[in-house]
Amino acid sequence: MSRPVRVRFAPSPTGIPHIGNMRTALFNWLFARHSDGKFILRIEDTDQTRKVEGAIEKIYESLGWLGLEWDEGPDVGGDSGPYMQSERLDYYQSAAKRLVEQGDAYHCYCSSERLAEMRAEQSKRKEPPRYDRTCRELTAGQRAQKEAEGLASVVRYKIPFEGITSFDDEVYGYVEFQNALLDDYVILKSDGFPTYHLANVVDDHMMQISHVIRADEWLSSTPKHVLLYKALEYNSPKYAHMPMTFGKDKAKLSKRHGATALLDYKDMGYLPEAMINFLVLLGWSLDDKTEIFSRDDLIQHFSLDRISKTGAVFNAEKLNWFNGYYIRQLTTDELIERVMPLLDAQLPADVKRPIDTEYLKEIIPLIHERLKLLTEITEFVSFFFVDDIEHKADELIGKKMTQDSSIAVLEASLPKLESLAKFDTESLEQVLRPLAEELGLKTGQLFGTLRVATTGKTVAPPLFQTMEVLGQDKCLKRIGLALEKLKGMD
RNA sequence: GCCCCCAUCGUCUAGUGGCCUAGGACGACGGCCCUUCAAGCCGUAGACAGGGGUUCGAGUCCCCUUGGGGGCACCA
């Protein structure tokens, strides 16, 4: 009989959650949803010195952006609260007390200066840095004396001198460690706050966490936790360590790899659905061909046994492809909705607000499949909105064209376009295609020149459709401007 | 230095002893389409780190080497 699935995402509020954290959150969330279990948010704020103002809001925002809703947490409550570790100090302290009384832990009065010195010595001698266990053997009398002196103390776990601590990891399988090589690590700091090791064990037990799904970097501290579960007579949860995410240099992803905060990607114009699809494939796969997963697909198919053991490099190129793909899947209206705030913020002030949605509906189909990032939208559509465009002279003269031939092209086009009763794609094509032949030019030369003249860009959506949306007046006016520019060049 | 983990194309990965002359995706390159750019379609190059075993047979199992990563705080 296995217990109900309860997993947690337990970030510490020390900054903006980065990609790696959020991938861990994703995997936990998927496992919970797949298993019909609970996804719990717990804030591990046990380090008073590293607390960052506003970090918790960023955690909410990051989860929210990806749509990873949590069932229990500091803000939504739940039966296992409080969900902020700083509000659970009593639990940790009594656990530590119990361990001391049982003889599984002891007070240590060594100063951090002494410890630092000791470690320096050890590394000089090329020895593994470890606590020398000075305080482990203190007699009751010695302890009383230290207390009387008013010395602050930490509580250290008393690692057995012999034996092996092992566990079965859901991803890595059987892993074992020699107790003799483990350090008497601190479980309670001198300020009365627990370390991660104690806090996560106490909380995971009290919150009835069934599976601990966390990054690989925790693998080597897991025996400490296993020992703690045993000493406290708790049932150990199952462990699933997942491979880490690396930067291009294969080192643990960190700030120096550029944008690493999840929300940076939101700001850069990525879609959360693309991000999820990309992130889940970093360390998990369904089979040999499926690449695209909707949220429901993932919930349906996600499983721990398909998590790989190898670290994955965060490769933004593939993310870009996913993003383009998901943008293309949106309907015109959906894309407008997502892009509207960006346009509102980025389009020049003299463009009328609110931005004309009907007009956008004509424009979007032209640029939709060209968009890779939402933030590119302004660059793609501004020439539709702006009144006067700026022509670059050298762009006005295309490949295999000269100043004179460009002028000729525009002058020949003008009357044809002016005479058009209907300024739509078909009519435009009907007059412009023959015109190229008349002028003895390739269609590309004619259309290219007109493209730059009407849009101000060398790269734009198909000419006729663009001109139709732009409208006759704007096109004629812009061609006129282009002619002036070309003629005034000498 | 010690401990732990990992090892298939540049990257993400499929592969759980014969279905592998190793599959897919991104990227790269070439082509088609074509008024530019995209998108789409077609195609090409590209990997089992090395060495020993085990086996009739090893990318798949074992060992060693090498390489990479992670951990070794009163941080999580």
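Residue numbers begin at 1 in each chain, while the letters A, B, ... track the order of the sequences.
In this entry the distance linking OH of A/Y325 with C1' of B/C12 reads 18 Å, nearest Å. The CD-P distance, from A/E121 to B/G1, rounds to 19 Å in whole Å. Distance CZ (A/F464) to P (B/U35): 8 Å, rounded to an integer number of Å. One can place CG of A/L219 at 12 Å from C1' of B/G69, the figure rounded to the nearest angstrom. Atom CZ of A/F177 and atom P of B/C3 are 12 Å apart (whole Å). Taking atom CD on A/E127 and atom P on B/C3, their separation rounds to 14 Å, with Å as the unit. The CZ atom of A/R306 sits 10 Å away from the C1' atom of B/U16 (whole-angstrom rounding). Between the CG atom of A/L182 and the P atom of B/C2 there is a distance of 17 Å, rounded to whole Å.
Of all nucleotides present, only B/C29 satisfies the Watson-Crick or G-U wobble test against B/G43, with each distance under 3.5 Å. Figure legend. B/U35 is base-paired to no nucleotide; pairs are counted as Watson-Crick or G-U wobble with both atom distances under 3.5 Å. Remark: B/A7 base-pairs with B/U66. Criterion, Watson-Crick or G-U wobble with two distances under 3.5 Å. Pairing partner, B/C72: B/G1, with both Watson-Crick or wobble hydrogen-bond distances short of 3.5 Å.
Of the candidates B/A76, B/G10, B/A73, B/G10 carries the atom nearest the A/N315 side chain, counting heavy atoms from C-beta on. Comparing B/A73, B/A7, B/U13 by their nearest atom to the side chain of A/S308 picks out B/U13. Considering only side-chain atoms of A/K372, the nucleotide from B/A39, B/U13, B/C12 that sits closest is B/A39. Checked against B/A39, B/A25, B/C75, the side chain of A/R50 finds its nearest nucleotide in B/C75. The nucleotide whose nearest atom lies closest to any side-chain atom of A/W321 is, among B/A76, B/A25, B/C74, B/A25. Of the candidate nucleotides B/C74, B/U36, B/C5, B/U36 has the atom nearest to the side chain of A/R451. Set against B/A25, B/G70, B/G27, the side chain of A/K318 has B/A25 as its closest nucleotide. In the set B/C75, B/G71, B/G1, the nucleotide with an atom closest to the side chain of A/E217 is B/G71. The A/D288 side chain lies nearest to B/A14 when the options are B/U36, B/A14, B/A76. Distance from the side chain of A/S220 is smallest for B/G70 among the nucleotides B/C74, B/A76, B/G70.
Along RNA chain B, the nucleotide nearest A/R433 and the nucleotide nearest A/R328 are compared for position; the residue whose nucleotide lies closer to the 5' end is A/R433.
One cannot find a donor-acceptor pair under 3.5 Å joining the base of B/C6 and the side-chain atoms of A/K309. With hydrogens and angles ignored, a donor-acceptor pair closer than 3.5 Å exists between the side chain of A/R370 and the base of B/C37. Under 3.5 Å, the side chain of A/E291 and the base of B/G24 form at least one donor-acceptor pair of N or O atoms. Judged by distance alone with a 3.5 Å cut-off, a donor-acceptor contact links the side chain of A/S190 to the base of B/C74.
In this structure the side chain of A/L428 never reaches within 4.5 angstrom of the side chain of A/L463, judged on heavy atoms. A/S413 places a side-chain heavy atom less than 4.5 Å from the side chain of A/L450.
Across all strands shown, A/G448 has no heavy atoms under 4.0 Å from either base or sugar-phosphate atoms. Residue-level contact check: A/F278 touches neither bases nor backbone, having no heavy atom under 4.0 Å from any strand. Residue A/Q445 is classed as having no contact, given no heavy-atom separation below 4.0 Å to the nucleic acid. Contacts of A/S123 with the nucleic acid, taken as non-hydrogen atoms under 4.0 Å apart, are absent.
At B/C74, one or more side-chain N or O atoms of A/R156 fall inside 4.0 Å of OP1 or OP2 (strictly under the cut-off). Within the 4.0 Å cut-off from OP1 or OP2 of B/A76, at least one side-chain nitrogen or oxygen of A/K189 is found. For the pair A/R130 and B/C2, the criterion of a side-chain N or O lying under 4.0 Å from OP1 or OP2 is not met. For the pair A/K252 and B/G71, the criterion of a side-chain N or O lying under 4.0 Å from OP1 or OP2 is met.
Atom-to-atom distance recorded for A/C108:SG and A/Y185:OH is 14.5 Å, nearest 0.5 angstrom.
Heavy atoms only, all atoms of each residue included: A/T165 and A/N179 are closest at OG1-ND2, 2.5 Å. In terms of heavy-atom proximity, A/H391 sits nearest to A/V452 at CD2-O, 3.2 Å.
By the 30° and 60° cut-offs, the orientation of the rings of A/H225 relative to A/W218 is tilted.
Stacking of A/R306 on the aromatic ring of A/F302 is not recorded, the 6.0 Å distance cut-off and the 45° axial limit not both being met.
With A/D132 as the partner, the side-chain hydrogen bond (donor to acceptor under 3.5 Å, both in side chains) test is satisfied by one option alone out of A/R119, A/R114, A/Q122: A/R114.
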